[in-house]
Structures are given as C-alpha cells and as structure tokens.
Amino acid sequence: MEKLYEGKAKIIYATDDSEILTTQFKDDLTAFNSLKKGMAQGKGAINCHISSVLFKLLESKDIATHFIDQIADCEMRVRAVKIIPLEVVIRNIAAGSLCRQTGLIEGKILPFPLVEFYLKNDELGDPLLTRDRLLILELASPKQLEQLQSIALKINKCLTEFFASCQITLVDFKLEFGLDSQGNLLLADEISPDTCRLWDQQTKNLRDRVLDKDRFRHDLGEVETAYQQVQQRILEKLGIRQRP
Ligand code: UDP
C-alpha cells in the first residue's frame with residue numbers, strides 16, 4: 001500500500017478505501033526535536049496496543065477518535081483525518097517544559113488541569129501558542145478551540161482515573177486532533193508512553209517511578225521494561241490477554 005507519510009514514530013499508509021488509513025508504529029525513539037535518536041525493540045507493538053486499548057476506552061466514554069481496530073502487532077486501522085497542526089498538552093503535575101519555562105518545581109500538583117496549545121512545526125521548535133496567536137494563524141475557529149479545550153479536559157479526566165486505577169499517575173500528555181471528510185473533530189495520533197508522562201505510584205524513587213519516554217530522554221535505561229510495565233498494568237486492569 002502507498003506510504004502517505006512517515007513521522008518519527010509512525011508510518012501512515014493508504015488503503016483501498018480513501019476514508020481509511022493504516023498506521024504502523026515504529027520501534028524508533030526520538031527526543032529534543034529529533035536531536036536525540038534511538039530505538040527500543042518491541043516499542044512499536046507496545047505503543048500500538050496501548051493506544052488501541054486507550055482509544056477504545058475513550059470511545060466507550062463517547063469521545064470520538066480516529067481508531068477503527070488493531071489489525072497486527074504494530075498496525076491499526078484509523079479513519080482518514082486532516083490533522084490540525086496543534087499539539088494539545090494537558091498537565092496535572094508540573095514537569096518538563098513547564099518547569100523549565102516557569103520555574104515551577106517538578107512534581108508540584110497543579111491547582112487545575114492546564115491545557116496548552118503548541119504549534120506542530122519542527123522547524124520552529126513547536127512553540128507554545130497563545131489563544132490569539134492560534135486564532136490569527138487560523139488553526140481553529142473560536143468554537144473549535146472551545147471544543148478542543150473541553151474534549152481535552154474530558155479525556156484527561158477519563159485517562160487520569162483509569163491510570164490511577166493501574167497505580168500510575170498521569171502527569172501530562174499530548175493529544176492531536178483531526179477533521180474527517182464530514183468535518184467531525186476526532187482524536188487522532190496515539191496515546192502511549194511516548195506521548196504521556198506516567199509515574200509509578202508503587203515507588204517513591206524518582207528514577208524508578210518514570211514509566212515513559214523520559215527514560216530515553218534522560219538516559220535512565222530500561223525503556224522497554226517501563227513501557228511493558230504500563231502495558232501489563234493496563235491489560236490486567238481491563239482483563240485483556242496480552243497479544244501472543
Ligand atoms: N509531548 C509529545 N510530543 C511533543 C512534545 C511533548 O508527546 O512533541 C508530550 C511529552 O511526552 C509530555 C507532554 O507532551 O508528556 C508535555 O511535554 P513538555 O512540553 O513538558 O515537553 P518536554 O519536556 O518533553 O520538552
């Protein structure tokens with residue numbers, strides 16, 4: 001099938017149906033706007049599975065996503081959407097760029113979930129947008145912006161509760177949205193340890209608790225083991241057997 005797009009962690013292929021695409025998850029890892037590159041054996045399959053399970057969970061809570069089904073270890077079928085070039089970041093606890101840019105101490109519980117919009121543009125280094133910059137760039141209408149904000153908060157509530165039930169704290173995460181051919185707003189891309197900060201509630205040790213891509217970003221090692229841990233806990237919680 002024709003390759004439509006290759007990103008850092010996924011490849012998108014066309015299918016016979018113009019409304020449906022296939023997403024293939026790769027083992028490649030990148031960080032710091034691709035300045036750091038690596039790979040983790042089996043990561044693609046883990047992220048594909050975690051994303052599939054989380055998309056299904058969100059669908060069950062009436063959140064519209066692009067997910068159709070998982071068709072192979074590293075492949076899912078998704079509805080074709082035009083991606084809105086925004087990275088919607090939701091934060092519950094201060095970490096990463098929020099600490100670097102504001103001086104907030106890592107680990108501070110935020111008084112309310114913070115929804116931020118970044119421009120999806122590698123050349124510009126994905127800058128943080130203001131509401132007015134976003135509107136001036138015509139990345140979304142005021143109504144769509146309200147919609148994005150409220151869906152993001154709904155997803156955050158659902159995922160925070162779910163991860164907590166797996167003894168994992170959802171610190172922050174990034175979402176991407178797209179519009180289908182009818183103009184419906186759908187959650188797209190992926191939700192995985194590549195795109196979330198996840199801290200293990202079963203350990204207080206600051207290094208050991210990291211179950212996400214920060215293990216790769218900061219050379220903490222055992223990336224695969226951490227991702228597997230997230231997958232295992234999610235599947236156990238939902239009573240799903242691991243794909244053989
Ligand atoms: N994130 C992502 N892709 C990006 C930027 C951020 O998935 O291009 C996720 C990241 O994994 C974290 C959250 O969004 O869960 C917030 O990231 P932050 O702005 O703190 O950036 P970082 O510290 O990674 O530079």
Side-chain angles (χ1 to χ4, degrees), residues 5-10 23 25-26 28-38 40 43-44 46-48 50-51 54-55 65-66 83-110 112-130 133-134 139 148-149 151-153 155-156 158-160 162-164 168-178 187-200 206-207 209-220 223 226-227 229-230 234:
Y5 170 80
E6 178 156 7
K8 295 170 208 158
K10 296 184 293 298
T23 303
F25 286 68
K26 305 197 286 188
D28 298 348
L29 273 161
T30 63
F32 312 120
N33 205 0
S34 294
L35 284 176
K36 180 169 177 162
K37 291 193 170 105
K43 186 207 69 149
I46 295 174
N47 280 2
C48 184
I50 293 176
S51 279
L54 295 179
F55 280 137
T65 80
H66 71 159
I83 291 283
I84 301 172
L86 282 177
E87 299 198 335
V88 183
V89 170
I90 301 97
R91 302 176 188 272
N92 298 302
I93 293 179
S97 68
L98 179 65
C99 297
R100 290 198 301 275
Q101 292 171 6
T102 65
L104 274 172
I105 302 296
E106 185 183 71
K108 184 186 161 46
I109 297 170
L110 303 180
F112 54 86
L114 177 60
V115 181
E116 298 178 321
F117 297 92
Y118 293 81
L119 179 64
K120 198 170 142 62
N121 183 320
D122 285 342
E123 276 161 40
L124 297 176
D126 296 344
L128 176 63
L129 296 173
T130 61
R133 281 187 182 187
L134 193 155
L139 297 168
L148 286 171
Q149 179 103 16
I151 300 171
L153 288 171
I155 293 171
N156 183 47
C158 173
L159 293 183
T160 300
F162 177 67
F163 276 115
I168 293 172
T169 301
L170 179 59
V171 174
D172 59 31
F173 60 107
K174 185 260 303 181
L175 300 173
E176 291 183 29
F177 292 85
L187 175 65
D189 196 49
E190 66 178 286
I191 310 173
S192 73
D194 269 5
T195 61
C196 301
R197 280 198 174 89
L198 301 166
W199 290 350
D200 186 357
L206 297 187
R207 286 173 74 97
R209 73 178 178 182
V210 176
L211 296 177
D212 56 67
K213 198 161 93 172
D214 274 348
R215 297 208 75 81
F216 170 70
R217 289 190 186 97
H218 306 305
D219 296 318
L220 301 178
V223 179
Y227 281 43
Q229 184 61 230
V230 175
I234 289 177

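These figures come from a predicted structure and were not determined experimentally. Counting starts at 1 for both ligands and their atoms, following the listed order. The chain is numbered in sequence order, starting from 1.
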[atom]: the protein heavy-atom neighbour that sits closest, reported with distance to 0.1 Å:
| atom | result |
| --- | --- |
| atom 17 (O) of ligand 1 | Arg197 NH1, 3.6 Å |
| atom 2 (C) of ligand 1 | Lys174 CE, 3.5 Å |
| atom 8 (O) of ligand 1 | Glu87 OE1, 3.0 Å |
| atom 25 (O) of ligand 1 | Arg100 NH2, 2.9 Å |

* Should the pair Phe32 and His218 be assigned to parallel (<30°), tilted (30 to 60°) or perpendicular (>60°) ring geometry? -> tilted
With the threshold set at under 4.0 angstrom, would you say [X] reaches ligand 1 through any of its heavy atoms?
| X | answer |
| --- | --- |
| Val171 | no |
| Arg217 | yes |
| Lys120 | no |

* Please name the pair of heavy atoms, one in Gly125 and one in Asn33, separated by the smallest distance, quoted to 0.1 Å. => CA-ND2, 3.7 Å
* Contact summary for Ala94 and Cys99, nearest pair of heavy atoms -> C-SG, 3.6 Å
At less than 4.0 angstrom from any non-hydrogen atom of [X], what atoms of ligand 1 do you find?
| X | result |
| --- | --- |
| Val89 | 14 (O), 16 (C) |
| Gly96 | 20 (O), 23 (O) |
| Asp194 | 7 (O), 11 (O) |
| Cys196 | 15 (O) |

* Asked: Would Lys8 and Asp122 pass as an ion pair if we require N to O under 4.0 Å?
  -> yes
* Asked: Salt bridge between Asp172 and Arg197, side-chain N to carboxylate O under 4.0 Å?
  -> yes
Examine the proximity of ligand 1 to [X] and report which part, side chain or backbone, both or neither, has a heavy atom under 4.0 Å away.
| X | result |
| --- | --- |
| Lys213 | neither |
| Ala31 | neither |
| Asp126 | side chain |
| Asp172 | both |

* Structure fact -> Heavy-atom proximity to atom 20 (O) of ligand 1, picking from Ala9, Pro193, Ser192, Ser97, points to Ser97
* Structure fact -> Rounding to 0.5 Å, atoms CZ (Phe112) and CG (Asn92) come to a distance of 11.5 Å
* To do: For the residue pair Asn156 and Thr160, confirm or rule out a side-chain donor-acceptor distance under 3.5 Å.
  => yes
* Check each of Ile93, Leu211, Ile168 against Trp199 using the side-chain contact (heavy atoms from CB on, under 4.5 Å) test, and report the only one that passes. => Ile93
* Passing option when Asp194 is tested against Lys174, Lys213, Lys43 for side-chain hydrogen bond (donor to acceptor under 3.5 Å, both in side chains) -> Lys43
* To do: Answer yes or no: does atom CG of Leu124 have more than 12 heavy-atom neighbours from other residues, nucleotides or ligands under 6.0 Å?
  => yes
